[in-house]
Amino acid sequence: MDPQALWGCFCLLCFSLLRAAKGNLLPSFQPRSLYQYQYSLAVQLQHTSTPSPWGVWLQAEALIHLQQLWRDPGGEELLQLQIHHLKAQHQPGEERSQDSTRGSPVEIALSPEAQTELQQPVFISWNSGKVKAFYGNEAENILISNLKRGIISLFQLQPHAGTTVEEDASGSCQVTYTVSNHSITKAKDLLSCSKPKSGFTSMNKIFGVKWQPSSRSQYVVRDSLLQSVLAEESHVVAPALRSRSGIKISSRQQLQLVSPAMPGLAEVSGQSLKDVLAGTGARPQPLGMASLPFRRVCTHCPSLRAFLKASDRQRVRTDTSKVATAWQFQRFIQMLRSAKKRDVLQLLRRAPEETRPFLVEAAVATQSVASLAALSDFLDFSQEPKSLLEKFLYTAAFSPRPSGELLHLVLDKLDGKQLAPEIWETGIVAVGSLVGKLCQQKLCGLQVVERGVETILRGLRDAEEEPKVVISLLALGNARLPETIPTLLEHAEDGPTAVTTAATSALQRFPAAHISSKVKQVMRRIFHQKRKSYDKTCRLAAAEILLDNHPLPMDVINILLATSEMEAEVATFLLMKVQNSLRDHHHHLARKVMKDIMGDPRINNYNFFSKAGISSSFSGPLTVTQDLTSTFGLDLLFLEGGFLRKSVSDFSLLGHGQRLRAAQVTFEAQGMESMMGENLSEGEEQPELMAGMAATFFDVQLRPVVFFQGYTDLMAKVLLSSGEPTSVVRGNLLLLDHHQVIPLQSGLQVTIKLQGGLGLDVSANMDVSIWEQELKTSVNARGSLAMDFQADLDSPLLQATLRSQTEVETSIHFDTKLRFSSSPVLMCLQLREEQVPYREVLTVSQSAGSRSSTARRGRRGAVPGREFALHQTNSKVCNLLLSAEKE
């Protein structure tokens, strides 16, 4: 034979084989044929914190009848799918036996109505493996309809490799196919799925939920016939704060061809799909492929109406540091979310005066239309006590996911009213926080957000007194809007000391991406005093911005060189900042640049690092878990005579790519130079004698507190002081608030809920003893956290809930003591934590038919109290001072 002819036959044979192979992977169904598939479903939910698996187990089996009713010349087919002989069983919720074996599974009895609906056929528009549309009874029970969607999803496939977007029970998701012999593998990216919007979450990922899903399906196609499908899906969800208290969800579907095709229904005649559907007799309606969200009716949830009827016999707890109060706070939020306006208003008006702040906090945290409307009617900013109005405003500022309606309510209460200065200041910083969080939710375009920004800027423009300018700048810091950076730069460079301090403080809160070359240029001018003289604290703040945001080597060198011309205390403080950043291996952006510069002997020498001041700056980790790192930082700046100029204590949380300033308390005293006979630096203005405190909690800057202003006020406070600490913040916050619906490919639904209430009581005090020549400051923080994490499984066969409830009480004390009678000045820092009791309760509840069960497990314990060793020199000085105090 001719070689060329032989080669042509060989190529034709290969091409035919390839076409045959490809054709074998393209499934199709023949008319007048009934295909029977055995369908099985297994779903498990289990706690991940228990040593052995413990949770809910559901298994179901059914016979699936599939047949083609119609096919058009273009290849589109109409398939009828019907469920027969569905049987289901579940594992009872009682404890396992000692040998860890399961008890006998219990059959689930379905109601006649459910059986009838399950057997109603559905229709699929199908073309070359793709489900184009789904038709059925739109009045059908949602859970049954979703179960059918889960079975139909198994028929969604393509015969060739590649990545595409498909719609099934999970939603519209990106999927990737690989093909091998008779097998098709589909990997679904569940994080890419788009589905009907439902749920919400906290804006900060640290207070959200970690979700790790995976989905993989295996198809076997032989001779153009779908032989089997195996779809496996898993989800691990856990609070980001404590991933150990997680829940694992596993779902496994299997479809297996039972026998060769049997005689089936005759084809339905019709020119179009619409005609054919009309001829089926059932008149099915088009339905979406994505599972419909199901909302479970809670029969045991607390009712506000019932509480009002029994309110005379129920006491509202108000001790915010106790965990019982945190649990009660969450129960009130649950009651208020389903309550009507008149009931919420009745609750607020009937409540005793001492419990009203607690109820206002709960109503704000609820953020329902009814609760906000009731607050609007109840709160009268011209008559209510200042403490109650401040409570309302601060609770709004701390909201983890504020709504536009909440900001609208705050603005309405502030607009056009003659308010006490404290209320106006608190309101403006609250508006800044709300605006910032709404913009984080990509809601900057809302009209109410634009109104909020304009309210802050108008207050800044119209301010005639320095305190109002400062408050407006702090509000811009809470908002952190990039478009306001030019305004902050202008006030930072041209304002008086207090204004410059507030503006640079606001700029420090912006992420590095927004610290542009223009911002750095202004900070250089402030630090190097190019246009005018600045207070030492303002220069240091400018240096910190340059060092903390992708620093240029020349900036670091110039800052180091400038220390040779500074006062000893300021130079010491700044050099400690540089050294501290070198010790920070993971989180400081300047570390690599500084390490390279410090390798230069012209910089890293005794001349630069031999300053004799007592000022200091350090930070380090307090606790490290698999989820979070908590850090403590302390900055202490002293005057040349040894008096404290400024102290900043900072507690931060780092995790999940984010940093949260959980608490920062700043004590500042100015004008002390004149009292101690010190000379001011050249060009530096004489500041007014003043001491005060500023605090930031959970990234919300609060209104500053002034201890005294002026010499006369100082003497009055010293002589008339009660010695009682000043309350910085006291109240209840909804710290964690998450609701997520996870539609499984099997058609079942899991709803994730996380709610965490935090009770916080923080107080601070500064005590100056002229006779003993001592200064003492203290910050005391007591708190309680109650966290409720649960997963609800909803299906027509079984409803179940896995729940993890965790509670913690803690108390932290930070004290400083300085003695000026000795030279050098002696300083002792003490950071101690009292014993931390905790408790965790795990619950598994399930209900099937007329049977229900609940099982619980729990554990409790206590973490011993401890005192943190800050550094060796501090420990020696503390031993010296405390020993002298005992004598």
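Here the structure is a predicted model, which means the values were calculated and not measured. Computed from heavy atoms alone, side chains included, the values below leave out hydrogens, waters and symmetry copies. Quick note: residue numbers are just sequence positions, from 1.
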For the backbone of D699 and the side chain of T696, can you confirm whether one donor and one acceptor N or O come within less than 3.5 Å of each other?
no
How many angstroms lie between NZ in K646 and CZ in F573, if you round to the nearest 0.5 Å?
8.0 Å
Return the minimal non-hydrogen interatomic distance between S652 and D650, and the atom names on each side.
OG-OD1, 2.6 Å
Which heavy-atom pair separates L653 from I206 by the least distance, and what is that distance?
O-CD1, 3.8 Å
What are the two closest heavy atoms between P402 and L434, and how far apart are they?
CB-CD2, 3.4 Å
Where A694 and Q701 come nearest, the two heavy atoms and their spacing:
CB-NE2, 4.0 Å
If you count every heavy atom of other residues, nucleotides or ligands that lies below 6.0 Å from K520 atom NZ, does the total exceed 12?
yes
Within the distance-only criterion (no hydrogens, no angle test), does the side chain of Q658 pair as donor or acceptor with the backbone N or O of N204 below 3.5 angstrom?
no
At their closest point, which heavy atom of T777 faces which heavy atom of F667, and how far apart are they?
CB-CE1, 4.1 Å
Rounded distance [0.5 Å steps], CZ in R401 versus OG in S202:
8.0 Å
Check the orientation of H514 and F510. Use parallel for under 30°, tilted for 30 to 60°, and perpendicular for over 60°.
perpendicular
Would you compute the distance between atom CD1 of I423 and atom CG of L389 and round it to the nearest 0.5 angstrom?
4.5 Å
Could E422 and R703 be called an ion pair, given the rule that one side-chain N must be under 4.0 Å from one carboxylate O?
no
Give every residue pair that meets the side chain to side chain donor-acceptor pair (under 3.5 Å) criterion with at least one member in residues 480-496, sequence neighbours excluded.
E493-R525, E493-R531
Charged N-O contact under 4.0 Å between D380 and K413
no
Would you check if the side chain of S321 reaches a backbone N or O of D761 as a donor-acceptor pair within less than 3.5 Å?
no
Donor-acceptor contact present, side-chain D415 to main-chain L411, <3.5 Å:
no
Give a yes or no on whether the ring-centroid distance for F814 and F632 is below 6.0 angstrom.
yes
CZ-CG distance between F392 and L409, expressed to the nearest 0.5 angstrom:
4.0 Å
Audit row: N478, R509, side-chain hydrogen bond (donor to acceptor under 3.5 Å, both in side chains) steps and yes/no:
CA-CA 8 Å; N478 278 342; R509 302 185 61 188; 2.6 Å; yes
In Å and rounded to the nearest 0.5 Å, what is the CD1 to NZ distance from I485 to K518?
10.0 Å
Salt bridge flag under 4.0 Å for residues D815 and K776:
no
Full working for side chain to side chain contact (heavy atoms under 4.5 Å, CB included) between T631 and L622:
CA-CA 5 Å; T631 64; L622 284 179; over 6 Å; no
Taking the side chain from S615 and the backbone from F638, do they hold a donor-acceptor pair closer than 3.5 Å?
yes
Pair up each side-chain donor or acceptor in residues 463-475 with any protein partner under 3.5 Å, not counting sequence neighbours, and list the distances.
from, atom 1, to, atom 2, distance (Å)
S472, OG, K468, O, 3.1

If the threshold is 4.0 Å, N to carboxylate O, is there a salt bridge linking R451 and D412?
yes
Kindly compute the distance separating CG (D555) from CG (L547), expressed to the nearest 0.5 Å.
8.0 Å
Please check if the side chain of S505 supplies one atom and the backbone of T501 the other of a donor-acceptor pair under 3.5 Å.
no
For R730 versus T320, what's the shortest heavy-atom pair and its separation?
CG-OG1, 3.9 Å
